[in-house]
There are 2 protein chains.
Amino acid sequence: MANLFENISEKNILKLKRILSANTVKYKKNVNILSNVNQDNFIALVDSGSVQFIFNDYDGNKTIIEELNSGEMFGNLISNITSEEITCITKEDTQITYIEFDEITNDEIIKNDFYIIFIKNLIKLLTDQLTTRNNRIELLTKRSTRDKILAYFKNESQKKGTKKFNMPMTFTELANYLSVDRSAMSREIKYLKEEGFIEVNGKRITIKY
Amino acid sequence: MANLFENISEKNILKLKRILSANTVKYKKNVNILSNVNQDNFIALVDSGSVQFIFNDYDGNKTIIEELNSGEMFGNLISNITSEEITCITKEDTQITYIEFDEITNDEIIKNDFYIIFIKNLIKLLTDQLTTRNNRIELLTKRSTRDKILAYFKNESQKKGTKKFNMPMTFTELANYLSVDRSAMSREIKYLKEEGFIEVNGKRITIKY
DNA sequence: AAATTAATGTTGCATTTGCAACATTTTACA
DNA sequence: TGTAAAATGTTGCAAATGCAACATTAATTT
């Protein structure tokens, strides 16, 4: 995953962060950080660790809207976090750097020649996130649980370039990601195994068609 | 919707387009333009008209991945259009401007003082698109057709700031957008009417709760 | 204005799915 | 390392959904 400070020297990163008035905060695991991010026009960089945006349904269902790992970014400018039902939880110990969005084009910063690199990195990050969203939408629009599972496996397989790969998340998380009932998904995977489409050993998936 | 050339004078827009080697193409209605966009690292601006990205399922189902209107942008850097099953169709007569992505930071362009405005516009466009995607994901992850419909209506209502509003698309398109069977959605809307949650007169929706 | 095409409304039926309620296994952590 | 918590597997059942096949209405095109 792209990094906002890629190809910028340590010295210049420090300078950049100072010019941007960047604010770095450390969080413990399983902490709700949304209270900290409920303000306008900022971006938040996940320096290390990971966070999950979870939608809490009125009848107790939880849906993972998205999961962001080290190097990724979010912000209410970007995520449009409006509903109170959405919480942002750290999955592990996590460090986050906050930057006011308007600072990104402030007078001082544009004098530096690393600015172009920074902007390129930022645009790359945004387009990567768009790609991530598009991929998920493509899965979510599949008509059946079976099609969602198969499409997900196909994607993973293509990403890894092999028909054998390890699931990067738990089945419980996958069910959330695909927005289907976990037990129904488990049942469907059983059928797929029985019908010889896939093999499953723990997190190891083998596509057989 | 934001525009890539907002707050830039006509004169400078022309200059910008020249420096970017922008290439403008006009299309008739219902034309498949994907063949033109199947190359690396470009962005495409919808100057006028609109296009739809449609996923053609192996068993004949069509799903609208996204619809882009005047002022919006796409590109394989952004949309990650890889599958051959996806086509991009003009919904009406449409004009599109293509820009090579690498040109965005070329040597000549960064000398101009309208460059910062351009970059701000670009980032705004990207974050707007991310917001659009996030909104759709939030709808798609709803467990039931009923919840999807209600969430969609609630969103539209909030956007317009009133409990009475006109649907900006047909019900057929809405079914695609929410990725549910059209007739099943029609049935569910009937139930919602019967139970007094909503009123429907043609495209005019009234939320009654 | 007539004709063609697209959109909408409806309903029976088979299938899929969510839900609940478990037992079992794996993982995390005190 | 022992215990608590999380993940996984399974299944019956009711409800939701997709599908197909229509009739009807609205919109577009010529």
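Remember, predicted model here, so these are calculated numbers, not experimental data. Every chain is numbered from 1 and lettered A, B, ... according to where its sequence line falls, protein lines coming before strand lines.
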Crowding at CD, A:Glu10 (>12 non-hydrogen neighbours, <6.0 Å):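 Incorrect, the count does not exceed 12.
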Flag, side chain of A:Thr131 to backbone of A:Thr127, donor-acceptor distance under 3.5 Å: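 Such a contact is found between A:Thr131 side chain and A:Thr127 backbone.
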A:Thr141 side chain to A:Ile137 backbone, donor-acceptor under 3.5 Å: yes
Could you state the [atom1]-[atom2] distance from [X] to [N], rounded to the nearest angstrom?
X        : N      : atom1 : atom2 : answer
A:Leu178 : C:dT16 : CG    : P     : 18 Å
B:Lys91  : C:dA7  : NZ    : C1'   : 13 Å
A:Lys148 : C:dT16 : NZ    : C1'   : 12 Å
B:Leu150 : D:dA16 : CG    : C1'   : 15 Å
B:Phe171 : C:dT10 : CZ    : C1'   : 15 Å
B:Leu174 : C:dA6  : CG    : C1'   : 17 Å
B:Arg146 : C:dC19 : CZ    : P     : 14 Å
B:Glu173 : C:dA6  : CD    : P     : 13 Å

is_close_aromatic(B:Phe153, B:Phe197), centroid dist under 6.0 Å: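 Centroid separation for B:Phe153 and B:Phe197: 6.0 Å or greater.
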Filtered N/O pairs between nucleotides 27-30 of chain C and protein, under 3.5 Å:
from   : atom 1 : to      : atom 2 : distance (Å)
C:dC29 : OP1    : A:Lys29 : NZ     : 2.9

B:Ile117 to B:Ile8 - nearest heavy-atom pair and separation: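 Result for this residue pair: CG2-CG1, 3.9 Å.
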Distance-minimising heavy-atom pair for B:Leu68 and B:Met73: CD1-O, 3.4 Å
Between NZ on residue B:Lys159 and CG on residue B:Asn135, distance to nearest 0.5 Å: 7.0 Å
From B:Phe5 atom CZ to B:Leu14 atom CG, the distance as rounded to the nearest 0.5 Å: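 Separation between the atoms: 9.5 Å.
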Parallel, tilted or perpendicular: rings of A:Phe74 and A:Phe42 (30°, 60°):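 Aromatic pair A:Phe42/A:Phe74 classed perpendicular.
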Within residues 12-34 of chain B or reaching into it, pairs that qualify as salt bridge (charged side-chain N to carboxylate O under 4.0 Å, His left out) - sequence neighbours excluded: none
Pairs involving residues 195-209 of chain A, ordered by first then second residue, that meet salt bridge (charged side-chain N to carboxylate O under 4.0 Å, His left out) (sequence neighbours left out):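 Those involving residues 195-209 of chain A are A:Arg146-A:Glu195, A:Glu199-A:Lys208.
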Residue-phosphate contact under 4.0 Å: B:Thr145 side-chain N/O, D:dT17 OP1/OP2: yes
Residue-phosphate contact under 4.0 Å: A:Lys203 side-chain N/O, D:dA7 OP1/OP2: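 Answer is no, no contact under 4.0 Å.
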Short N/O separations, protein against nucleotides 20-27 of chain D, under 3.5 angstrom:
from   : atom 1 : to       : atom 2 : distance (Å)
D:dA20 : N6     : B:Ser183 : OG     : 3.2

Selection from D:dC19, C:dT8, D:dT8 that lies nearest to any side-chain heavy atom of B:Thr172: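 From the listed options, C:dT8 comes nearest.
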Side chains of A:Thr24 and A:Thr97, donor plus acceptor under 3.5 Å: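 Yes - a donor-acceptor pair under 3.5 Å links their side chains.
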A:Arg136 NZ/CZ over A:Tyr177 ring centroid, <6.0 Å and within 45° of normal: yes
Member of B:Glu92, B:Glu67, B:Lys91, B:Glu72 meeting the side-chain hydrogen bond (donor to acceptor under 3.5 Å, both in side chains) criterion with B:Ser50: B:Glu92
Net bend of the helix from C:dA1-D:dT30 to C:dA30-D:dT1, end axes of five pairs each, nearest 10 degrees: 70°
Close approaches to DNA chain D from residues 185-192 of chain A, in residue order (heavy atom, under 4.0 Å):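 When residues 185-192 of chain A is checked for heavy atoms under 4.0 Å from DNA chain D, the hits, listed by number, are A:Ser186, A:Arg187, A:Lys190.
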